[in-house]
Protein chains: 2
Amino acid sequence: MGIIRKTKAVATVLQIFEEKDEAKSVVHLIELVKDKMNKTTVYRILDRLEQDGAIHSFNGKDGLKWYAKCEGCSASHHSDKHPHFQCTKCDKVECLPLEIKIPSIKNHKVDSTDILLIGQCEVCCA
Amino acid sequence: MGIIRKTKAVATVLQIFEEKDEAKSVVHLIELVKDKMNKTTVYRILDRLEQDGAIHSFNGKDGLKWYAKCEGCSASHHSDKHPHFQCTKCDKVECLPLEIKIPSIKNHKVDSTDILLIGQCEVCCA
DNA sequence: AAATTAATGCAATTGGGTTGCAATTACAAA
DNA sequence: TTTGTAATTGCAACCCAATTGCATTAATTT
Ligand SMILES: [Mn+2]
Ligand SMILES: [Mn+2]
Ligand SMILES: [Zn+2]
Ligand SMILES: [Zn+2]
């Protein structure tokens, strides 16, 4: 079970994801709200928002955890299975609205995929 | 620059990768050789072996760092760009000798990919 | 064999993330 | 509105992978 009470801290975190459709690392999020709440609270709120299907998490290239807004997910069904893109110049991370075909692997059962493309984003490419 | 001197510790670590063609987490490697060398030494040897193109690293689903033997890589050219597979039952990780097609992304330049397939391995499938 | 310096051991430290518990606060029931 | 309750938060301590500084050891060169 995720968010039950709409606290100020929850609203603050949610607004960050509403404002701009861009993934954020937990480390960055903690920095952003460090005057408003404790880091433990940030971790717990992110956990609950993910359980509710409001945001989804994945690992960046450095192994840090990142979160981004979900599109059409719910507590019962997380449908975000897209790849992510991380820029080596500016470190920005984007959700990629595309599907990558995974060939079936003999004698293996693939339940989920974790795909990170690394390179240069639109801004840094130019 | 990677390995310069062939020490006993280097030989020990290398042999682990020669023996069996299977990826190993750093945590597991440290455990395997804990009577023979310090954990710092393990980290440093892995760094140097990777620089030399003898092994390559990637992140497992839990965020831990894993290493596996390289095939045809050298210090100047790391050609290992394959996906990896991690079993949710037994935690084993394999290098997958297959290529996954990445569609080109508008205004982005993709330099490398980090693909982890998660599911059940051959043994755990049966 | 002696000199050089890469490699190692060890203790301390860093940093992301978690846990236990007391204090606070949202919210529903009265 | 007031009260009761349990969800939420703050805080300090902790966990653990990974890194760092530095003195010591050992591989390789001369
Ligand atoms: Mn996403
Ligand atoms: Mn591999
Ligand atoms: Zn960029
Ligand atoms: Zn398995």
Side-chain angles (χ1 to χ4, degrees), chain A residues 1-17 23-68 75 84 86 91 93 114 116, chain B residues 1-17 23-68 75 84 86 91 93 114 116:
Chain A
M1 182 179 22
I3 297 287
I4 290 182
R5 297 184 180 176
K6 298 254 175 67
T7 65
K8 281 180 192 166
V10 169
T12 301
V13 172
L14 258 181
Q15 200 195 334
I16 291 173
F17 288 105
K24 298 239 181 279
S25 70
V26 179
V27 172
H28 185 208
L29 282 166
I30 288 171
E31 176 65 24
L32 278 177
V33 300
K34 70 158 178 282
D35 296 326
K36 295 180 181 140
M37 72 193 82
N38 188 273
K39 72 169 179 176
T40 307
T41 303
V42 178
Y43 280 108
R44 296 198 270 224
I45 287 176
L46 292 171
D47 272 353
R48 281 179 274 143
L49 287 176
E50 184 166 34
Q51 285 178 54
D52 285 343
I55 60 177
H56 60 279
S57 68
F58 54 94
N59 294 103
K61 66 178 159 60
D62 38 24
L64 294 195
K65 203 167 186 184
W66 290 68
Y67 281 91
H84 294 96
Q86 182 160 17
D91 218 48
V93 173
D114 197 348
L116 182 67
Chain B
M1 181 180 23
I3 298 286
I4 290 181
R5 296 182 182 178
K6 298 252 174 70
T7 65
K8 281 179 192 168
V10 168
T12 301
V13 172
L14 259 181
Q15 200 195 333
I16 291 172
F17 289 104
K24 298 237 181 279
S25 70
V26 179
V27 172
H28 185 208
L29 282 166
I30 288 171
E31 176 65 24
L32 279 177
V33 300
K34 69 159 179 281
D35 295 326
K36 294 181 182 140
M37 71 193 83
N38 188 272
K39 69 170 178 175
T40 307
T41 302
V42 178
Y43 280 107
R44 295 197 271 224
I45 288 176
L46 292 171
D47 272 353
R48 280 179 275 144
L49 287 175
E50 184 166 34
Q51 286 178 52
D52 285 343
I55 59 177
H56 60 280
S57 68
F58 54 95
N59 293 103
K61 65 179 160 58
D62 39 23
L64 293 195
K65 203 166 187 183
W66 289 69
Y67 281 90
H84 294 97
Q86 184 160 17
D91 218 48
V93 173
D114 197 348
L116 183 67

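Bear in mind the structure is a predicted one, so any value in this text is a computation, not a measurement. Chain identifiers are assigned alphabetically (A, B, ...) following the order of the sequence lines, protein sequences preceding nucleic acid strands; residue numbering begins at 1 within each chain.
Using a 4.5 Å heavy-atom cutoff, the side chains of B/Asn59 and A/Asn59 are not in contact. With a 4.5 Å cut-off on side-chain heavy atoms, A/Lys34 and A/Val42 do not count as touching. For the pair B/Val26 and B/Leu64, the minimum side-chain heavy-atom distance is 4.5 Å or more.
Within the structure, side chain to side chain donor-acceptor pair (under 3.5 Å) pairs that include any residue of residues 41-53 of chain B comprise B/Glu50-B/Ser57 (at least two apart or interchain).
Distance, A/Lys65 NZ to D/dA17 P: 17 Å, rounded to whole Å. B/Ile30 has its CD1 atom 8 Å from the P atom of D/dA17, to the nearest Å. As rounded to whole Å, 14 Å separates atom C1' of D/dT24 from atom CZ of B/Arg5. In this entry the distance linking CZ of B/Arg44 with P of D/dC22 reads 13 Å, nearest Å. Regarding A/Leu49, its CG atom lies at a distance of 11 Å from the P atom of D/dT8, rounded to whole Å. Between the CG atom of B/Asn59 and the P atom of D/dA17 there is a distance of 14 Å, rounded to whole Å. Rounded to an integer number of Å, the gap from CH2 of B/Trp66 to C1' of D/dA18 is 17 Å. When rounded to the nearest whole Å, the span between CZ of B/Phe58 and P of D/dA17 equals 17 Å.
Comparing B/Lys39 and B/Ile4 against DNA chain D, the residue whose closest nucleotide sits nearer the 5' end is B/Lys39.
B/Ala68 approaches B/Phe58 most closely through the heavy-atom pair CB-CE2, 4.3 Å. The shortest non-hydrogen separation linking A/Gln86 to A/Lys61 is OE1-N, 2.8 Å.
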Result block: side-chain N/O donor-acceptor pairs under 3.5 angstrom for residues 4-16 of chain A, not counting sequence neighbours:
| from | atom 1 | to | atom 2 | distance (Å) |
| --- | --- | --- | --- | --- |
| A/Thr7 | OG1 | A/Val10 | N | 3.2 |
| A/Thr12 | OG1 | A/Lys8 | O | 2.9 |
| A/Gln15 | NE2 | A/Glu19 | OE2 | 3.2 |

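Closest to the B/Thr40 side chain, of the nucleotides D/dA17, D/dA7, D/dT19, is D/dT19.
Among the protein residues, B/Lys8 comes within range of no part of the nucleic acid, since none of its heavy atoms lies under 4.0 Å from any strand. When heavy atoms are screened at a 4.0 angstrom cut-off, B/Lys6 is found touching the sugar-phosphate backbone but no base atom.
Reading DNA chain C from its 5' end, the first and the last nucleotide to sit under 4.0 Å from a heavy atom of chain A are C/dG16 to C/dC27.
OP1 or OP2 of D/dA26 has not a single side-chain nitrogen or oxygen of B/Thr7 nearer than 4.0 Å. Look at A/Arg48 and you'll find a side-chain N or O under 4.0 angstrom from OP1 or OP2 of D/dT9.
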